[in-house]
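Below, chain A is the first sequence line, B the second, and so on; all start at residue 1.
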Protein chains: 2
Amino acid sequence: MPDNAEQRGFEIPARPTMKDVAAAAGVGLKTVSRVVNGESGVSEATAARVRGAIEELGFRRNDGARLLRQGSRTSSVGLILEDLADPFYSQLSRAVEDVARSHGSLLLTGSSAEDPARERELALDFCARRVDGLIVVPTAADHGFLAPELAAGTAVVSVDRPVTGLTVDTVLTANRRGVAEGVGHLIRQGHRRIGYLGDNPAIFTAAERLAGYRQAMAHEGYEIAVSWVAMGKPEPVGIHLALDRMLSGPDPVTALMCGNNRTTVAVLRNLASRPERPALVGFDDFELADMLPVPVTVVAQDPALMGRMAAELLFRRLRGERAQVQRLEIPTRLVPRGSGELPL
Amino acid sequence: MPDNAEQRGFEIPARPTMKDVAAAAGVGLKTVSRVVNGESGVSEATAARVRGAIEELGFRRNDGARLLRQGSRTSSVGLILEDLADPFYSQLSRAVEDVARSHGSLLLTGSSAEDPARERELALDFCARRVDGLIVVPTAADHGFLAPELAAGTAVVSVDRPVTGLTVDTVLTANRRGVAEGVGHLIRQGHRRIGYLGDNPAIFTAAERLAGYRQAMAHEGYEIAVSWVAMGKPEPVGIHLALDRMLSGPDPVTALMCGNNRTTVAVLRNLASRPERPALVGFDDFELADMLPVPVTVVAQDPALMGRMAAELLFRRLRGERAQVQRLEIPTRLVPRGSGELPL
DNA sequence: GTGAAAGCGCTAACAC
DNA sequence: GTGTTAGCGCTTTCAC
């Protein structure tokens with residue numbers, strides 16, 4: 001029985017420590033440490049006795065104490081994103097996890113739900129646990145509060161969006177170019193009246209993609225009617241009203257560009273109950289896009305690659321690389337499937 | 001400048017400690033501790049000086065050291081599942097995260113990729129970090145290695161599958177009943193020759209669901225031809241061969257039951273290139289199932305509820321509840337959408 | 001109100 | 001080969 005049983009609360013059973021193992025095996029503390037850490041300089045007989053005691057007591061080294069003493073890295077990284085359940089982010093997470101694992105690091109995850117206060121709390125909690133680094137999909141708020149952590153050696157990388165108030169490595173999608181390519185594709189099919197539906201423009205990616213649409217239209221010298229643009233959360237009511245406006249009136253659109261996959265899906269659902277069949281290109285791919293009655297043409301992002309790159313950048317910094325701060329743009333890929341190639 | 005700068009490695013900048021703050025503010029260590037932890041008994045003037053020093057140095061309390069000294073819980077839980085990128089698990093994760101958050105706990109996540117060695121390594125790493133509890137989607141391997149951790153007060157809950165070699169709270173889907181309901185639904189449409197495609201039966205859920213199919217068929221006194229059952233990883237080739245067998249010969253099936261959503265999707269893709277249109281019910285819902293050319297009837301699981309229940313059970317144990325070990329079965333829900341109601 | 005000293009579980013440094 | 005000591009950054013205890 002560990003000798004510190006009474007010091008712990010009633011509910012938390014005492015865990016055996018190296019001291020307990022040493023006592024049980026009749027050896028010194030350092031010998032146990034040597035055996036646990038596979039260091040040389042212990043006779044096989046002694047080592048066997050120690051292993052026996054470890055087994056018997058169910059001892060497991062307390063890495064918290066080890067880390068504290070060593071003052072070294074904690075071999076853990078924190079990942080903060082908008083919503084772990086969103087397919088885009090869950091793919092990104094998985095990629096981050098794989099890279100972290102390959103570097104021997106554990107992964108702490110948290111969803112900010114687009115709430116700056118929650119994001120901040122998560123980030124600071126992670127830092128208090130002394131994660132080696134932080135990979136963040138930042139909300140729009142200022143991130144100056146992380147400056148002391150950065151100065152103290154916590155690596156930070158932002159992904160999907162740039163972070164404001166902090167200069168760190170960043171991995172983005174080529175949002176403007178991607179949307180412009182999608183819109184250009186529609187234009188090449190003969191469309192001139194093209195509507196755009198995107199997310200709340202306070203979100204960096206939403207604003208960038210909208211800008212890509214405007215650029216592509218301006219490039220051809222096409223005017224954009226006010227009723228052709230609708231920005232906001234991808235909710236059924238908003239989408240319905242927006243499509244009402246876009247598809248009726250004197251200048252109805254003949255094609256639609258959607259700014260993200262939630263919007264694309266909401267638009268498809270709404271279109272199902274209408275007679276019109278506008279051409280459609282979605283930004284960001286989604287499962288079964290190719291199986292729908294009219295397979296959906298998309299501008300695909302690569303969330304796994306983004307996660308991998310972000311994690312690689314992080315570990316590069318942790319390895320001590322002092323290279324200039326990087327800003328990577330991952331290219332998109334146009335995937336024609338049918339909805340974007342509908343005749344005018 | 002912190003006074004322990006030289007003791008740290010070159011790459012890792014020294015972080016200011018309470019000692020540094022105390023020196024900077026010209027107060028004792030304990031006074032800093034009081035201010036940091038919001039304890040009473042510090043004059044406002046002193047507190048202000050301390051806060052100033054904290055701000056200036058960019059001090060952040062090291063929770064690792066705090067936890068070590070307190071010997072209390074670490075306010076962190078570990079989640080081990082098959083693949084974070086799988087929608088089923090990412091929804092489950094998000095629910096676990098929300099519950100953990102509401103209890104003030106951080107979440108460590110890891111994907112086992114169905115590899116027992118990897119799962120074991122993750123679990124033990126988490127335990128070495130002294131997580132308060134572990135939520136596991138266990139592989140088939142024996143989990144006796146967790147017994148010492150359980151004895152030492154680490155709470156363990158298994159979810160989606162039962163764990164072998166350990167008696168812990170478990171949250172499962174009503175696999176047999178769910179599949180039986182789906183098959184019964186097909187039978188009520190007049191089908192008698194119903195095929196079943198499921199995952200590798202070494203996986204608990206795959207075996208249970210197959211049993212549910214057999215039960216439902218036996219209940220009606222219907223024989224099952226050997227060619228009607230195909231179990232294995234949901235890969236295109238295997239699915240193709242299986243459907244070849246099921247849809248031809250003297251006793252072709254008129255309906256299909258699919259054991260999980262990966263299989264359902266693979267089957268739908270394969271059927272797209274065939275003339276036959278068997279009725280189909282899938283186990284586990286998936287996004288856009290309702291938007292496909294023939295909307296897909298499914299037996300829906302509730303991954304978020306499963307995650308929430310598992311986490312609640314975990315925190316209940318951590319609160320010290322000594323109730324008997326529980327085994328919860330979350331009911332499924334039949335969602336008729338068309339594919340399961342096709343005429344014979 | 002304030003602070004000095006001890007110690008959480010471990011490892012580093014240096015005995016023997 | 002093995003053990004002893006000090007100390008990581010913090011909280012606890014107890015003295016002033």
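Distance CG/B/D63 to CG/B/L68: 12.0 Å, rounded to 0.5 Å.
A close approach under 4.0 Å does occur between a side-chain nitrogen or oxygen of A/S43 and OP1 or OP2 of D/dT2. For A/T17, no side-chain nitrogen or oxygen approaches OP1 or OP2 of C/dC8 to under 4.0 Å.
With no hydrogens or angles considered, no side-chain donor-acceptor pair links B/S112 and B/E82 at under 3.5 Å. Using modelled atom types and a 3.5 Å distance limit, the side chains of A/S105 and A/S76 yield no donor-acceptor pair.
Straight-line distance from the CG atom of B/L68 to the C1' atom of D/dC8: 9 Å, rounded to whole Å. A straight line from NZ of A/K19 to C1' of D/dT5 spans 14 Å, rounded to a whole angstrom. Atoms CG (B/N62) and P (C/dC8) sit 18 Å apart, rounded to a whole Å. Between A/R15 atom CZ and C/dG9 atom P the separation is 11 Å, expressed in whole Å. Separating the CG atom of B/D63 from the P atom of D/dC10 is a distance of 9 Å, rounded to the nearest angstrom.
Taking the ring centre of B/F59 as origin, the terminal cationic atom of B/R15 falls outside the region bounded by 6.0 Å and 45° from the ring axis.
Checking A/E119, A/E114, A/R161 one by one against A/V137, the side-chain contact (heavy atoms from CB on, under 4.5 Å) holds for a single residue, A/R161.
Considering only the side chain of B/T31, C/dT2 comes nearest among C/dC10, D/dG9, C/dT2.
With the nearest nucleotide of DNA chain C identified for both B/E44 and B/R130, B/E44 has the one nearer the 5' end.
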- What is the per-nucleotide protein-contact pattern of nucleotides 11-16 of chain D, from the 5' end, where B denotes a base atom under 4.0 Å from a protein heavy atom, S denotes such proximity for sugar-phosphate atoms only, and - denotes neither? BBB---

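Every residue two or more places apart in sequence or in another chain that forms a side-chain hydrogen bond (donor to acceptor under 3.5 Å, both in side chains) with A/S43 is listed here: A/T46.
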- Message: Pair B/R129, A/N62 - check side-chain hydrogen bond (donor to acceptor under 3.5 Å, both in side chains), show working.
- Response: CA-CA 6 Å; B/R129 301 291 175 114; A/N62 182 334; over 6 Å; no

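The bend of the helix from C/dG1-D/dC16 to C/dC16-D/dG1, defined by the angle between the axes of its first five and last five pairs, stands at 40° to the nearest 10°.
Here B/D132 does not pair with B/R319 in a salt bridge; the nearest charged N to carboxylate O distance is not below 4.0 Å.
Crowding of B/E55 atom CD: a count of heavy atoms from other residues, nucleotides or ligands under 6.0 Å not exceeding 12.
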